[in-house]
Colleague: 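Starting off with a structure, shown below.
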Amino acid sequence: MGYPHPSHPKETVVLSRYFGDADARTYDGWVQRGGYEGLRKALGMTREAIVEEVKASGLRGRGGAGFPTGLKWSFMPKEVVKPHYLVCNADESEPGTFKDREIMRWTPHGLIEGCAIAAHAIGAERCYIYIRGEFTEPWKVMTAAVEEAYARGALGANALGSGRRIDMVLHRGAGAYICGEETAMMNSLEGRRGNPRIKPPYPAVAGVFGVPTTVNNVETLAAVPPIITRGAAWYKSLCLGNPKSTGTKLISVCGHVQRPGNYEVTMGTPFRDILYDMAGGPKPGRTFKAIIPGGSSVPIMTREEAEAAVFDYEGIAEQGSLLGSAGCIVMDDTTDMVYQICRLARFYAHESCAQCTQCREGTAWTTRILERILAGRGKQEDFQLLLDLSENMTGKTICVLSDSCAAPVVSGIQKFRGEFEAYMTGAREPAMAAV
Amino acid sequence: MSRQANPTATHGDPHASHEPVFVGETRARLQALYPKYPTKQGCLLPALWMVQEARGWISEPAINEVAEVLELTPAYVKGVVTFYTMYHTHPVGRHFIQVCTTSPCNICGAEDVVRALLDATGCGELGATSPDGRFTVIEVECLGACGFATPILIDDDFIESVTPEKVAGLLERYA
């Protein structure tokens with residue numbers, strides 16, 4: 001299958017195998033496709049055995065940070081003194097990223113199964129799935145699937161007849177990018193403003209409602225059932241040479257390509273293959289100019305850097321950026337880089353929760369300087385001003401939102417300085433009225 | 001640029017007496033949530049959604065009611081309401097349109113979609129409600145469907161791949 005395009009021969013379809021297949025959305029359809037076998041197997045395993053299996057698979061967090069999943073689970077207390085909670089992060093809001101949406105729309109039971117296995121592995125009886133408020137269709141699909149899973153006995157007081165209680169609660173966000181940050185998400189679940197929390201305490205010690213919590217991304221959790229069913233060795237073997245990055249990864253490709261969409265590849269696939277073969281390359285008569293490979297929060301790559309990269313955590317880092325959430329924003333030679341970097345800065349200024357001064361002031365100030373440049377009133381000194389600001393916005397705040405604003409600004413100035421200068425010298429007509 | 005509906009564009013009376021939301025079936029729905037959260041405060045976001053679903057927006061008296069029902073203070077509830085962009089703190093058109101204009105959609109022509117929507121709805125500017133009270137259009141940040149530029153939300157209908165040419169036809173369904 002594949003959605004919206006049939007799977008490309010260079011893809012390795014594990015999670016996306018049933019995208020576009022409406023039957024896979026039902027409980028029976030999922031079971032016919034081998035679903036809930038992973039949960040059945042996991043419920044017969046000890047917590048430690050599941051954690052070890054996931055550790056051995058090499059699975060790393062797919063939300064952006066790339067932290068080893070099994071290791072994260074192992075931080076949860078061995079003895080369940082207070083209740084433990086699992087939180088599934090379905091607040092997908094990183095510009096360029098639209099993979100979790102497809103997982104929820106097409107394979108909701110795969111996600112429920114992954115959540116249930118993870119809940120069992122961390123000693124939790126309850127999982128909250130935090131779905132962003134704008135995802136109305138995934139919300140409906142997930143609501144129906146959770147109801148069906150309860151009705152069929154996969155969830156509830158006696159999950160699949162194991163005697164183990166596993167409950168699942170869907171929680172709807174209400175429009176806030178920052179709630180995708182795990183501690184902000186926990187505050188939001190508690191009925192608070194979505195301000196990130198200072199760590200420590202880490203979620204595994206005192207998370208949502210003050211008790212041990214693990215937060216995992218949708219794609220991470222959806223990868224768990226096949227790991228349990230087919231084994232860690234199989235998953236680990238999905239790797240093209242770098243044992244630190246294993247398994248498959250959903251790559252969302254958007255922007256100026258012929259076939260935008262999600263492509264699932266083995267870690268280590270050449271970025272070229274994704275951009276040119278799967279996504280169909282640039283539109284006729286165009287060439288690529290810039291690519292943001294991991295959602296808008298990572299440094300911008302030039303076409304040359306992207307073409308030289310292999311797509312895994314280390315491969316993208318070697319070319320100066322980050323894999324992040326693997327949301328690739330592709331920009332061709334028609335793109336005004338200064339305008340788009342300004343648009344990104346505006347995004348972060350709007351989404352700042354305003355707790356930390358560096359972020360609240362820095363994101364807004366950055367946006368205003370970029371707008372001034374676009375209005376034809378920029379000065380050479382603005383380069384240093386933007387870089388100094390970015391320096392003060394990196395590694396200085398409770399969460400990484402302000403770092404994320406700095407990443408495209410700093411890399412944009414490094415790699416596309418000439419476009420800024422064209423506005424400063426008047427070689428290019430202002431794109432914006434002066435404020 | 002506007003991501004909040006214009007407060008002057010009211011077509012309801014903010015001072016009208018408040019009919020309680022949490023009675024009958026709605027109260028039962030809220031109470032059914034209590035066992036799912038360790039605290040009543042945990043039910044705040046769902047409760048606010050219920051208010052907006054019933055009334056179209058969240059008024060001051062509604063904030064007071066939510067506070068009372070969940071044993072919180074009105075000031076606290078207001079702080080939460082105003083943090084989240086999807087809760088309306090004043091009345092909006094019968095149909096609320098949110099257009100994604102963040103970078104991935106921006107490079108694919110989202111600003112043209114915004115202009116087409118403002119023209120076709122008669123809203124004129126972002127955040128304003130059309131004179132017939134039918135529509136409010138706002139710009140929003142990333143809707144998470146970047147491969148289907150430009151996505152828009154009309155009420156709860158998520159519509160992908162909108163172009164200026166498609167706008168007029170899309171709006172026909174919303175009376």
Side-chain angles (χ1 to χ4, degrees), chain A residues 4 83 92-98 100-101 126 128 132-137 139-140 167 169 171-177 179 188-195 208-211 252-256 260-262 292 296 327 329-332 334-335 339-341 343-344 346-347 350-351 353, chain B residues 1 3-4 33 35-49 52 58 66 70 72 76-77 79-88 98 100-108 110-111 139-149 151-161:
Chain A
E92 181 168 64
S93 326
E94 176 75 12
T97 317
F98 49 100
D100 298 343
R101 174 172 179 258
R126 189 181 293 164
Y128 291 101
R132 66 177 295 189
E134 293 87 345
F135 274 179
T136 49
E137 192 197 348
W139 175 266
K140 282 180 201 140
D167 285 317
V169 179
H171 187 94
R172 187 178 179 196
Y177 167 75
C179 289
S188 186
L189 268 168
E190 292 180 11
R192 300 174 194 273
R193 292 166 70 90
N195 292 334
V208 72
F209 301 108
V211 300
S252 307
V253 188
C254 67
H256 296 144
N262 282 297
I292 308 182
S296 63
I329 308 170
V330 183
M331 300 176 185
D332 70 17
T334 62
T335 311
Y339 191 85
Q340 291 308 326
I341 291 165
R343 186 65 190 79
L344 282 178
R346 201 181 103 188
F347 168 81
H350 179 253
E351 299 298 341
C353 84
Chain B
M1 162 181 102
R3 298 176 181 81
Q4 280 286 312
L33 289 178
K36 298 184 175 186
Y37 295 86
T39 62
K40 272 195 174 176
Q41 183 183 292
C43 300
L44 180 52
L45 266 65
L48 293 170
W49 276 120
Q52 186 152 305
I58 301 172
V66 170
L70 295 180
L72 302 164
Y76 177 84
V77 175
V80 173
V81 170
T82 53
F83 185 86
Y84 298 94
T85 55
M86 291 183 82
Y87 294 135
H88 308 314
Q98 305 177 62
C100 176
T101 60
T102 311
S103 308
C105 289
N106 197 293
I107 61 175
C108 294
E111 290 178 3
E139 229 179 6
V140 291
E141 296 295 353
C142 193
L143 285 177
C146 321
F148 309 92
I152 70 172
L153 262 171
I154 305 185
D155 305 329
D156 277 347
D157 299 337
F158 198 101
I159 305 162
E160 297 172 348
S161 309

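For the numbers below, each heavy atom of this structure counts, side chains included, while hydrogens, waters and symmetry mates do not.
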Colleague: Do the side chains of B:N106 and A:Y339 get nearer than 4.5 Å, heavy atoms only?
Modeller: yes
Colleague: Tell me, side chain or backbone of A:T97 under 4.5 Å from chain B's heavy atoms, or both, or neither?
Modeller: backbone
Colleague: Taking all atoms of both residues into account, what is the closest heavy-atom pair of A:C179 and B:Y84, and its distance?
Modeller: SG-CE2, 3.8 Å
Colleague: Would you mind checking which part of A:V330 comes under 4.5 Å of any heavy atom in chain B, side chain (CB onward), backbone (N, CA, C, O), both or neither?
Modeller: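 Contact with chain B is through the backbone of A:V330 alone.
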Colleague: Give, as side chain, backbone, both or neither, the part of A:T334 having an atom under 4.5 angstrom from any heavy atom of chain B.
Modeller: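 Interface part for A:T334: neither.
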Colleague: Quick check on B:A145 against chain A: is it the side chain, the backbone, both or neither that has a heavy atom closer than 4.5 Å?
Modeller: both
Colleague: Taking all non-hydrogen atoms of both residues into account, name the closest pair between B:C142 and B:C146 and its distance.
Modeller: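 Nearest pair, atom of B:C142 first, then B:C146: SG-SG, 3.8 Å.
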Colleague: Can you say whether B:L143 sits under 4.5 Å from chain A via the side chain, the backbone, both, or neither, judging by heavy atoms?
Modeller: both
Colleague: Go through the atoms of A:R101 and report whether side chain, backbone, both or neither lie under 4.5 Å from a heavy atom of chain B.
Modeller: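 A:R101 touches chain B through side-chain heavy atoms alone.
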Colleague: Within the distance-only criterion (no hydrogens, no angle test), does the side chain of B:Q52 pair as donor or acceptor with the backbone N or O of B:H88 below 3.5 angstrom?
Modeller: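 Looks like yes, one N/O pair under 3.5 Å.
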Colleague: Can you tell which part of A:Q340 gets under 4.5 Å to a heavy atom of chain B, answering side chain, backbone, both or neither?
Modeller: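 Both backbone and side chain.
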Colleague: Non-hydrogen atoms of chain B under 4.5 Å away: do they reach the side chain of A:D332, the backbone, both or neither?
Modeller: neither
Colleague: Check A:R346 with B:E139, please: is the shortest side-chain N to carboxylate O separation under 4.0 Å?
Modeller: yes
Colleague: Check this for me: does any side-chain nitrogen of one of A:E134 and A:R172 sit under 4.0 Å from a carboxylate oxygen of the other?
Modeller: no
Colleague: Can you classify the ring geometry of A:Y128 versus A:F209 as parallel (below 30°), tilted (30 to 60°) or perpendicular (above 60°)?
Modeller: tilted
Colleague: What part of A:L344 gets within 4.5 angstrom of chain B, counting heavy atoms only: side chain, backbone, both, or neither?
Modeller: both
